[in-house]
Amino acid sequence: MKKNKKTFSTFKNQQKREEVAFWLFISPWVLGFIFFIGGPIIASLFLSFTKYNITDAIEFVGLRNYKILFTDELFYKSLGVTVYYAALAVPFTICAGLLLALLLNQKIKGQAFFRTMFYAPTVVSGVSIAFLWAWLLNPDFGVVNSVLYSVFGIDGPGWFTDAKTVIPSFVLMQLTALGGTMIIFLASLQSLPNELYESASMDGAGPLRRFFNITIPLISPVILFNSIIAIISSFQIFTQAYVVTKGGPNWMSYFYVYYLFDTAFADFKIGYASAQAWILFIIIFILTMLSLLVSKRYVYYESETRR
């Protein structure tokens with residue numbers, strides 16, 4: 001009996017030590033979240049109901065910032081530009097990332113090298129990537145237009161200097177940001193059971209039929225995840241426009257976050273910028289919930305089938 005009590009006491013002491021160790025290890029993240037994420041989120045919600053420009057005292061104005069925002073032409077302009085970009089960038093990111101993952105999933109010589117090469121640009125600074133694309137797509141001396149003219153005899157477009165092509169140019173920049181999407185797709189493809197493909201091949205199913213009837217349904221949860229991440233990142237685009245176009249030409253790359261940045265750090269309207277940030281949060285939250293709602297009809301979960 002005493003031995004059992006001693007064993008139980010030892011187990012409880014070990015459990016307490018593990019609990020203390022857990023909180024010690026996780027405390028940097030908890031403190032970082034409270035002071036650098038959670039705290040600013042709560043502060044921005046409060047400031048969105050105030051008039052505050054850093055130098056003067058905070059003045060509570062209620063919903064006035066939100067009322068002004070919904071009558072602001074630049075709000076609708078920047079939001080429209082962002083939606084246009086997202087409508088092009090999200091499908092492009094998903095399709096290109098999946099295609100790249102399919103290619104890198106093939107058993108070829110140098111497979112590890114190619115995977116590393118295609119993922120490497122995602123760890124490079126966004127500013128560096130933006131300058132690289134500004135050089136590649138320069139309408140006067142850029143590599144892309146030079147190749148188009150010398151090989152095909154075509155005068156290339158203005159890319160970032162033309163209002164019609166500036167958004168497609170930013171979408172094209174996603175080619176160097178596909179690494180994360182590609183890696184997630186690649187991991188999901190490698191986890192698929194070969195037995196299903198072998199059975200489908202024996203039944204006479206070709207590559208396209210196997211892809212659409214087996215691969216797509218099985219990785220549909222991953223497609224949903226990558227789509228949501230792509231939507232969120234598309235609505236937060238800022239660095240590329242700030243570095244390359246400064247919102248032009250003709251305000252056609254003046255994205256929503258760019259407008260928010262100017263409001264906060266150029267005009268010092270902190271309260272108004274906080275209201276803009278919360279409207280952006282609500283828009284992204286609604287789009288995410290809609291994606292999850294629609295996914296119930298199109299996303300296949302193997303665990304649900306087994307029940």
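Bear in mind that the values here come from a model prediction, so they are computed numbers and not experimental data.
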Undergrad: Kindly give the heavy-atom pair with the smallest separation between Ser253 and Gly247, and that separation in Å.
TA: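 The answer is OG-C, 3.0 Å.
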Undergrad: Thr161 and Pro139: which non-hydrogen atoms are nearest, and at how many Å?
TA: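 Looks like OG1-CG, 3.9 Å.
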Undergrad: Test side chain to side chain contact (heavy atoms under 4.5 Å, CB included) on Met117 and Phe113; report intermediate values, then the result.
TA: CA-CA 6 Å; Met117 184 181 67; Phe113 168 76; 4.1 Å; yes
Undergrad: Can you check whether Ala163's main-chain N or O pairs, donor with acceptor, with Asn250's side chain at less than 3.5 Å?
TA: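 No, Asn250 side chain to Ala163 backbone: no donor-acceptor pair under 3.5 Å.
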Undergrad: How close do Val244 and Ala130 get, heavy atom to heavy atom, and via which atoms?
TA: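 Closest pair (atom of Val244, atom of Ala130, distance): CG2-O, 3.6 Å.
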Undergrad: Between Ile237 and Tyr85, is any pair of side-chain heavy atoms under 4.5 Å apart?
TA: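 Side chain of Ile237 against side chain of Tyr85, heavy atoms only: contact under 4.5 Å found.
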Undergrad: Of the non-hydrogen atoms in Val90 and Ser234, which two are nearest, and what is the gap between them?
TA: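 Minimum heavy-atom contact is CG2-OG, 3.6 Å.
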Undergrad: Can you measure from CD1 (Ile282) to CG (Leu287) and round to the nearest 0.5 angstrom?
TA: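 If I round to the nearest 0.5 Å, the distance is 12.0 Å.
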Undergrad: Report yes or no: do Leu47 and Ile68 belong to one cluster of Ile/Leu/Val/Met/Phe/Trp/Tyr joined by side chain heavy-atom distances under 4.5 Å?
TA: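 In one cluster: no.
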Undergrad: Is the distance between the ring centroids of Phe235 and Tyr256 under 6.0 Å?
TA: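 Ring-ring flag for Phe235/Tyr256: false, centres at least 6.0 Å apart.
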Undergrad: In Å and rounded to the nearest 0.5 Å, what is the CZ to NZ distance from Phe255 to Lys77?
TA: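 Phe255 CZ to Lys77 NZ: 11.5 Å, rounded to 0.5 Å.
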Undergrad: Does Trp278 form a side chain to side chain contact (heavy atoms under 4.5 Å, CB included) with Leu45? I'd like the steps, not just the answer.
TA: CA-CA 7 Å; Trp278 276 93; Leu45 179 60; 3.5 Å; yes
Undergrad: Do the side chain of Arg210 and the main chain of Ala205 share a donor and acceptor less than 3.5 angstrom apart?
TA: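 At least one qualifying donor-acceptor pair exists.
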Undergrad: I'd like to check Ile231 versus Ile284 (side-chain heavy atoms, cut-off strictly below 4.5 Å). Are they in contact?
TA: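 No, every pair of side-chain atoms sits at 4.5 Å or beyond.
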Undergrad: Which atom names give the shortest non-hydrogen contact between Ser220 and Tyr300, and what distance separates them?
TA: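 So the two residues come closest at OG-N, 2.8 Å.
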Undergrad: Is there a side chain to side chain contact (heavy atoms under 4.5 Å, CB included) between Phe70 and Ile279? Walk through the geometry before answering.
TA: CA-CA 10 Å; Phe70 286 114; Ile279 292 297; 3.7 Å; yes
Undergrad: Which atom pairs, one a donor and one an acceptor, fall under 3.5 Å between side chains of residues 91-107 and the rest of the protein, sequence neighbours left out?
TA:
from, atom 1, to, atom 2, distance (Å)
Thr93, OG1, Ala89, O, 2.7
Thr93, OG1, Gln174, NE2, 3.4
Gln106, NE2, Leu102, O, 3.0

Undergrad: Between Ala264 and Ile270, which heavy-atom pair has the shortest distance, and what is it?
TA: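 Shortest heavy-atom separation between Ala264 and Ile270 comes out as O-CD1, 3.5 Å.
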Undergrad: Run Leu178 and Thr122 through side chain to side chain contact (heavy atoms under 4.5 Å, CB included) and show every step you take.
TA: CA-CA 7 Å; Leu178 293 175; Thr122 60; over 6 Å; no
Undergrad: Under a 4.5 Å cut-off applied to non-hydrogen side-chain atoms, are Met289 and Phe285 in contact?
TA: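 Sidechains of Phe285 and Met289: in contact.
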Undergrad: Which word best sums up how the rings of Phe261 and Tyr242 line up, parallel for under 30°, tilted for 30 to 60°, or perpendicular for over 60°?
TA: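 Phe261 and Tyr242: perpendicular rings.
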Undergrad: Kindly state whether the ring of Trp135 and the ring of Phe131 have centres lying under 6.0 angstrom apart.
TA: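 No - the distance between ring centres of Trp135 and Phe131 does not fall below the 6.0 Å cut-off.
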Undergrad: If only atom types and distance count, is the side chain of Asn145 paired as donor or acceptor with the main-chain N or O of Asp155 below 3.5 Å?
TA: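 No, Asn145 side chain to Asp155 backbone: no donor-acceptor pair under 3.5 Å.
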Undergrad: Counting only N and O atoms by type, is there a donor-acceptor contact under 3.5 Å from the side chain of Ser128 to the main-chain atoms of Val124?
TA: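 Pair absent, no side-chain N/O of Ser128 close to backbone of Val124.
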Undergrad: What's the separation between atom OG in Ser78 and atom CG in Leu280, rounded to the nearest 0.5 Å?
TA: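 Ser78 OG to Leu280 CG: 9.5 Å, rounded to 0.5 Å.
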Undergrad: Only one of Thr263, Thr50, Asn53, Asp72 clears side chain to side chain donor-acceptor pair (under 3.5 Å) with Tyr272; which?
TA: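 Testing each of Thr263, Thr50, Asn53, Asp72 against Tyr272, the sole residue satisfying side chain to side chain donor-acceptor pair (under 3.5 Å) is Asp72.
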Undergrad: Considering only heavy atoms from C-beta outward, does the side chain of Arg64 approach that of Lys51 to under 4.5 Å?
TA: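 Side-chain contact under 4.5 Å: yes.
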Undergrad: How far does CD of Gln276 sit from OG of Ser44, to the nearest 0.5 angstrom?
TA: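 Answer rounded to 0.5 Å: 12.0 Å.
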Undergrad: Please answer: with hydrophobic residues joined when any side-chain heavy atoms are less than 4.5 Å apart, are Leu137 and Phe152 in the same cluster?
TA: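 Same hydrophobic cluster.
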Undergrad: Determine yes or no for a side-chain-to-main-chain donor-acceptor pair under 3.5 angstrom, with Asp162 supplying the side chain and Lys164 the backbone.
TA: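 Between the backbone of Lys164 and the side chain of Asp162 there is a qualifying donor-acceptor contact (under 3.5 Å).
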Undergrad: Looking only at atom types and distance, does a side-chain atom of Ser188 sit under 3.5 Å from a main-chain N or O of Val222, one as donor and one as acceptor?
TA: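 Such a contact is absent between Ser188 side chain and Val222 backbone.
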Undergrad: Run Tyr197 and Thr215 through side-chain hydrogen bond (donor to acceptor under 3.5 Å, both in side chains) and show every step you take.
TA: CA-CA 9 Å; Tyr197 292 96; Thr215 304; 2.5 Å; yes
Undergrad: Can you pull out every ring pair (Phe, Tyr, Trp, His ring centres under 6.0 Å) where at least one residue sits in residues 39-66? Sequence neighbours excluded, please.
TA: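 Listed by first then second residue: Phe49-Tyr66.
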Undergrad: Which distance, rounded to the nearest 0.5 Å, do you find between the OG of Ser48 and the CG of Asn65?
TA: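 One finds 7.0 Å between OG of Ser48 and CG of Asn65.
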Undergrad: Under 6.0 Å between ring centres: does that hold for Phe160 and Phe170?
TA: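 Yes, the ring of Phe160 comes within the 6.0 Å limit of the ring of Phe170, centre to centre.
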Undergrad: For Tyr259, enumerate each residue passing the ring-ring contact (aromatic ring centres under 6.0 Å, His included) test, keeping only those at least two apart in sequence or located in another chain.
TA: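 Applying ring-ring contact (aromatic ring centres under 6.0 Å, His included) to Tyr259 gives Tyr254.
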Undergrad: Any side-chain heavy-atom pair from Ile223 and Ile216 closer than 4.5 angstrom?
TA: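 Heavy-atom side-chain distance check passes, below 4.5 Å.
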